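Below, each value reflects all heavy atoms present in this structure, side chains not excepted, and no hydrogens, waters or symmetry copies. Source: prediction; values computed, not measured.
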Amino acid sequence: MKTIQLFFILLLTVSCHNQNIFEIETIETDKNIIDELSSLKDIHHTALLYKDKIYDVWYSCSGEWGGTVYFKNKKSGKIHYTTATCPVSVNKIDGTYYVSASMSHGFGNSYVLEIKNPEIMEETTKIHPYNPGIITREYEAHTSKGVRKLADSSGVLIMSSFVYNKKLYSILANNGKTKTTISELNKNKFHTVQKIDPDLFSYDPIINKESETHQRIYIQHPKPAMLDIRNNKIKVVLFKKSNK
């Protein structure tokens, strides 16, 4: 009898483990994604990546020449910065900031920076806008003071990261974009929790972040779509029409 009970307990444990964390719903619309983007008022086309009550977080990216993330204190006006090649999203869990960085150049590389206190990072006096005329990109940061690099992974790209249940999840793809996953940052590694359609990954998405647990990701290529991520529910909207 005990053996049978143990078997059912193990079966239940395996079954629960295999359940998908994220509920994905896919719908189609006749709308044009360009018209949809034009109607949005809250999408930032600047280098402002994130903001909360304490900081405005800006970024710059020069690809193989490096990238930078800047934390500007709203009260003091002081700017602290660190190298990040290249920032794609910023999230906060229990007061700690997590900067997801990804670069598709070469074989591809991604990682997450853990920043517990931006005030102990190196200080600078200016947020440098991207300047393609400067070949050496000397304005990009070369310091990593006050940060911890997590899950440094080659051959992996991050489209965006988000928070659910106080855990950091990222939408990842291999460099050939033949496999796309939702992966959890756990013990300094990315752990796949769910596979999704590879066509839902883009190198240049437009992200409208409304909160730590809610964001909309607009993709124009390879096929027009929008991912509305709210906690563990993901609504995928496929646009039937797209300007060419």
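Between D197 and K223 there is a salt bridge, since a side-chain N of the basic residue sits under 4.0 Å from a carboxylate O of the acidic one. K92 and E212 are not joined by a salt bridge, as no carboxylate oxygen comes within less than 4.0 angstrom of a charged side-chain nitrogen.
If you run side-chain hydrogen bond (donor to acceptor under 3.5 Å, both in side chains) between D228 and each of Q215, R216, K235, only R216 comes through. None of Y81, W58, Y97, Y59 except one satisfies the ring-ring contact (aromatic ring centres under 6.0 Å, His included) rule with F71; the exception is Y97.
For the pair K31 and F239, the NZ or CZ position fails the cation-pi test of under 6.0 Å to the six-membered ring centre and within 45 degrees of the ring normal. Relative to the six-membered ring of Y164, K233 misses at least one condition, a distance below 6.0 Å or an angle of at most 45° to the axis.
The distance from the CG atom of L168 to the CD atom of E114 is 10.5 Å, given to the nearest 0.5 Å. Summarising the geometry, atom CD1 belonging to I158 is positioned 9.5 Å from atom OH belonging to Y111; distances are rounded to the nearest 0.5 Å. Here the CZ atom belonging to F107 is positioned 6.5 Å from the CG atom belonging to N175, to the nearest 0.5 angstrom. N20 contributes atom CG, which lies 10.0 Å from atom CD1 of I234 (distance to the nearest 0.5 angstrom). Rounding to the nearest 0.5 Å places CD1 of I27 at 7.5 Å from CE of M226. Atom CD1 of I206 is separated from atom CD of Q220 by 5.0 Å, given to the nearest 0.5 angstrom.
In this structure a side-chain-to-backbone donor-acceptor pair under 3.5 Å is present from S89 to S161. Panel note: side chain S110, backbone S102; no donor-acceptor pair is recorded below 3.5 Å. Using a distance-only test at 3.5 Å, with no hydrogens or angles considered, a donor-acceptor pair links the side chain of S211 to the main chain of H214. The main-chain N or O of I54 is found under 3.5 Å from a side-chain atom of D52 such that the two form a donor-acceptor pair. In this structure, the side chain of S170 does not engage the main chain of L172 through any donor-acceptor pair within 3.5 Å. Formation of a donor-acceptor pair under 3.5 Å by the T192 side chain with backbone atoms of S183 is not found in this model. At least one donor-acceptor pair under 3.5 Å links the side chain of N73 to the backbone N or O of K75. Listed for the H191 side chain is a donor-acceptor partner under 3.5 Å among the backbone atoms of N186.
A 4.5 Å side-chain heavy-atom check between H128 and S60 finds every atom pair outside the cut-off. Using a 4.5 Å heavy-atom threshold, the side chains of I219 and M159 count as touching. Here the side chains of E123 and I79 are not in contact, with every heavy-atom distance at 4.5 Å or above. Y169 is not listed as a side-chain neighbour of L185, based on a closest heavy-atom distance of 4.5 Å or more. Looking at I217 and I171, their side chains come closer than 4.5 Å, going by heavy atoms from C-beta outward. By the 4.5 Å heavy-atom criterion applied to side chains, Y98 and V90 are not counted as neighbours. No side-chain heavy atom of K145 sits under 4.5 Å from any side-chain heavy atom of T82. Contact annotation: the side chain of T68 never approaches that of T83 to less than 4.5 Å [non-hydrogen atoms, C-beta and beyond].
Within a 6.0 Å sphere centred on NZ of K74, heavy atoms belonging to other residues, nucleotides or ligands number more than 12. Taking a 6.0 Å sphere around NZ of K209, one finds it holds more than 12 heavy atoms contributed by other residues, nucleotides or ligands.
Aromatic rings of F162 and F22 (six-membered ring for Trp) have centroids within the 6.0 Å cut-off, being under it. Taking the six-membered ring for Trp and the full ring otherwise, Y55 and Y50 have centroids separated by 6.0 Å or more.
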> Run the side-chain hydrogen bond (donor to acceptor under 3.5 Å, both in side chains) check on D204 and S202 step by step: do they pass?
Replying inline: CA-CA 5 Å; D204 53 354; S202 173; 2.9 Å; yes
